[in-house]
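Worksheet: one structure, shown below.
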Amino acid sequence: MHSLKKSLFGSFLLLMLLILGACGSGEEANDADAKSGDSGGSGGEVTIGYSGPLSGPAASYGEETLKGLKIAVEDINEAGGFEVDGKTYTYKLETIDDKYLPNETAANAKRLVQEEKAKFIYSPHSGGIYAMQVFNEMEDFIIMGYTSEPGVTDQGNKLNVRIPPRYDQYLEPFTEYEMEKFGKKIAFLPTASQYGKDWAEMLKPVWEEKGGEVVFNESIDFSKDTDFQTIVANALEEKPDVLFIGGPSEPTALVAKQARDLGFEGGFLIMDQAKLDEMAAVLGGNYDMLEGAISTTPLIHTEFPGTEAYIKKYKENNDRDPSAESAFHYVSLYVLTEAMKAAGSVDDTKAIMAAFDEGAKNLPEDKQVYMIPEVGEDGGFGSMLRIAYVENGEIQVMEK
């Protein structure tokens with residue numbers, strides 16, 4: 001009897017050890033799956049980081065860039081994710097406010113890499129992009145940069161993407177239109193960001209080479225200034241024919257309004273960050289105050305295979321038209337997704353960068369809100385030249 005009890009107790013003990021061992025193995029396997037999922041081993045979530053201005057004067061701009069990214073993440077995840085090398089992944093979007101400050105962007109990027117293991121970080125301003133370029137290759141993450149600043153792809157950074165087209169392609173056509181329409185004297189009043197300073201530095205020689213004169217040259221710090229009357233009045237004292245303005249759409253629109261209120265009747269050469277339709281929304285919903293302005297073509301006046309569907313989807317949850325910023329972010333995530341598919345990896349940054357051009361060419365037609373004909377070796381998205389101007393209170397698309 002004693003022997004039987006001892007035998008039963010031994011069997012019970014052995015059974016418990018087997019059960020505990022199985023549980024432990026399952027937990028270890030789950031942990032391993034989760035870890036390998038992060039690195040592309042057996043599926044899981046791919047983290048997309050975003051650092052942009054979600055508060056302060058540029059908040060509406062930051063929110064608009066983020067909207068397109070959110071819509072793309074939701075669409076891809078709701079469709080069941082995407083397959084890379086036989087494994088299915090979904091996206092996880094992590095966002096942090098940087099208040100439009102480059103040092104905050106850098107700090108946010110480090111946090112996203114260290115805490116969230118992000119391999120892709122979006123930034124919608126050149127200052128933040130430049131700040132991340134100091135260390136992104138060492139930390140092994142790809143910058144998904146939304147800026148038309150040519151310098152961000154001229155640095156030779158091997159893990160940097162520039163999403164919108166370079167702004168230097170607009171300098172000559174913008175200049176020619178404004179000179180022909182209004183005259184050769186221009187006053188510079190761009191945003192005080194690095195992007196604004198660089199735009200001004202590149203525009204000045206083009207304007208002067210065509211016989212023009214820069215009669216006033218100061219910038220506006222939209223992070224500090226909310227009343228632009230004094231600086232605008234100082235500029236108008238020099239009797240310019242054209243004002244060069246730009247930055248986030250909302251404050252740029254207010255600069256244009258104050259110029260009109262002070263009697264300015266000339267044209268506006270508007271840097272590509274500010275969008276004509278968004279400015280009009282601030283100015284009473286029409287283009288009257290923007291007569292003679294030239295900038296990039298609003299999305300709602302653009303026709304690509306996926307444009308109409310995107311506009312409709314965007315307006316399901318927003319009481320306004322979508323901007324180019326939101327649309328480019330939407331398209332860019334699909335190009336990134338196709339690049340990962342082509343590279344066969346969700347975390348081999350070098351292979352993914354090398355596959356971006358193929359990713360652009362594989363962009364599904366119904367996602368072509370904008371057409372991206374190529375991605376250059378420098379990481380810059382190629383796109384068609386899109387220019388519009390305001391005449392008789394209406395948007396006119398310039399044929400190029």
Side-chain angles (χ1 to χ4, degrees), residues 61 64-76 78-79 82 91 122 124 144-148 153 161-170 173-174 249 270 272-281 287 294-318 320-342 355-376 379-390 394-400:
Y61 167 71
E64 192 61 18
T65 62
L66 187 55
K67 283 178 184 176
L69 202 53
K70 285 181 175 178
I71 295 171
V73 167
E74 290 168 3
D75 280 0
I76 291 169
E78 287 174 6
F82 59 100
Y91 281 122
Y122 277 80
M144 298 293 292
Y146 187 81
T147 178
S148 59
T153 42
V161 171
R162 189 199 71 246
I163 298 168
R166 296 166 60 113
Y167 66 68
D168 51 3
Q169 67 180 326
Y170 300 120
F174 283 15
S249 296
I270 303 175
D272 57 319
Q273 183 180 5
K275 302 299 185 291
L276 291 169
D277 54 333
E278 294 179 38
M279 292 176 66
Y287 292 96
I294 190 166
S295 191
T296 58
T297 305
L299 179 67
I300 56 171
H301 293 276
T302 303
E303 294 182 3
F304 291 115
T307 307
E308 185 178 349
Y310 176 75
I311 292 172
K312 182 179 179 182
K313 186 171 189 65
Y314 177 97
K315 294 183 77 170
E316 287 175 1
N317 297 306
N318 297 278
R320 49 160 288 176
D321 292 322
S323 69
E325 286 91 355
S326 73
F328 268 118
H329 277 73
Y330 180 85
V331 171
S332 72
L333 189 63
Y334 276 96
V335 174
L336 172 59
T337 303
E338 293 298 327
M340 285 192 280
K341 291 178 182 178
F356 257 102
D357 185 54
E358 186 175 348
K361 290 176 170 57
N362 292 341
L363 183 65
E365 186 173 282
D366 64 334
K367 304 305 177 186
Q368 292 175 13
V369 185
Y370 286 115
M371 290 182 67
I372 311 298
E374 63 178 0
V375 178
F381 280 23
S383 65
M384 301 170 66
L385 194 62
R386 302 162 41 256
I387 298 174
Y389 55 92
V390 179
E394 296 183 354
I395 288 284
Q396 306 291 332
V397 177
M398 182 179 290
E399 299 297 332
K400 277 286 179 181

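Everything numeric here is computed off the predicted structure, so don't read it as measured data. Throughout, residue positions are numbered sequentially from 1 according to the sequence presented.
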ask   = Less than 4.5 Å apart, any side-chain heavy atom of Ile294 and any of Ile270?
value = no
query = Does any non-hydrogen side-chain atom of Gln368 lie less than 4.5 Å from one of Val331?
reply = no
note = Note: Pro164 and Gly145 closest approach over all heavy atoms is CD-O, 3.9 Å
task = Give the ring-plane orientation class for Tyr330 versus Tyr334, where under 30° counts as parallel, over 60° as perpendicular and anything between as tilted.
result = tilted
inquiry  = Is the shortest side-chain heavy-atom distance between Arg320 and Tyr314 below 4.5 Å?
reply    = yes
ask   = Any side-chain heavy atom of Thr302 within less than 4.5 Å of one from Arg386?
value = yes
ask   = What are the two closest non-hydrogen atoms of Ile395 and Pro298, and how far apart are they?
value = CD1-CG, 4.2 Å
ask   = Using 30° and 60° as the class limits, which term best fits the ring planes of Phe328 and Tyr370: parallel, tilted or perpendicular?
value = parallel
key: Over all atoms of both residues, closest heavy-atom pair of Ala355 and Ala342   = CB-CB, 3.9 Å
query = Do the side chains of Glu278 and Glu325 get nearer than 4.5 Å, heavy atoms only?
reply = yes
key: Closest non-hydrogen atom pair, Leu336 against Phe356   = CD1-CZ, 3.7 Å
query = Taking atom CG of Leu69 and atom NZ of Lys67, what is their separation to the nearest 0.5 Å?
reply = 13.5 Å
Donor + acceptor pair across side chains of Lys341, Asn362 (<3.5 Å) = no
inquiry  = Using the side chain to side chain donor-acceptor pair (under 3.5 Å) criterion, which residues pair with Tyr310? Sequence neighbours excluded.
reply    = Ser326
Partners passing ring pair (Phe, Tyr, Trp, His ring centres under 6.0 Å) against Tyr91 (at least two apart in sequence or in another chain) = Phe82
query = Does atom CD of Glu308 have more than 12 heavy-atom neighbours, drawn from other residues, nucleotides or ligands, at distances under 6.0 Å?
reply = no
task = Report the distance from atom CZ of Phe174 to atom CD of Gln169, rounding to the nearest 0.5 Å.
result = 9.0 Å
inquiry  = Under a 3.5 Å threshold, yes or no: a donor from one side chain and an acceptor from the other, between Asp272 and Ser148?
reply    = yes
query = Is there a side-chain contact between Asp277 and Tyr287, using heavy atoms and a 4.5 Å cut-off?
reply = yes
For Pro322, the option from Thr307, Ile311, Val369 that meets side-chain contact (heavy atoms from CB on, under 4.5 Å) = Ile311
query = Are a donor atom and an acceptor atom from the side chains of Ser295 and Tyr170 found within less than 3.5 Å of each other?
reply = no
note = Residues Leu276 and Ala388: closest non-hydrogen pair is CD1-O, 3.9 Å
request  = Provide the closest heavy-atom pair for Pro124 versus Thr65 in the form atom of the first, atom of the second, distance.
outcome  = CB-CG2, 3.8 Å
ask   = Given side chains that start at C-beta, do those of Pro305 and Lys367 come closer than 4.5 Å, heavy atoms only?
value = no
task = Could you give me the CA-CA distance, side-chain angles and deciding distance for Tyr61 and Tyr146, then say whether side chain to side chain contact (heavy atoms under 4.5 Å, CB included) is met?
result = CA-CA 11 Å; Tyr61 167 71; Tyr146 187 81; 3.5 Å; yes
ask   = Judged by atom type as modelled, is there a donor-acceptor pair below 3.5 Å linking the side chain of Glu64 to the main-chain atoms of Ser323?
value = yes
query = Are the side chains of Lys313 and Ile71 in touch, meaning some heavy atoms are under 4.5 Å apart?
reply = yes
inquiry  = With no hydrogens and no angle check, just 3.5 Å: does a side-chain donor-acceptor pair link Arg162 and Thr153?
reply    = yes
Distance (rounded to the nearest 0.5 Å) between Met279 CE and Lys275 NZ = 11.0 Å
Polar side-chain atom of Ser332 near backbone of Ile163 as donor-acceptor pair, under 3.5 Å = no
task = With rounding to the nearest 0.5 Å, note down the distance linking CD1 in Ile372 to CD in Glu338.
result = 13.0 Å
request  = Hey, could you give me the CD1/OG1 distance between Ile387 and Thr296, rounded to the nearest 0.5 Å?
outcome  = 9.0 Å
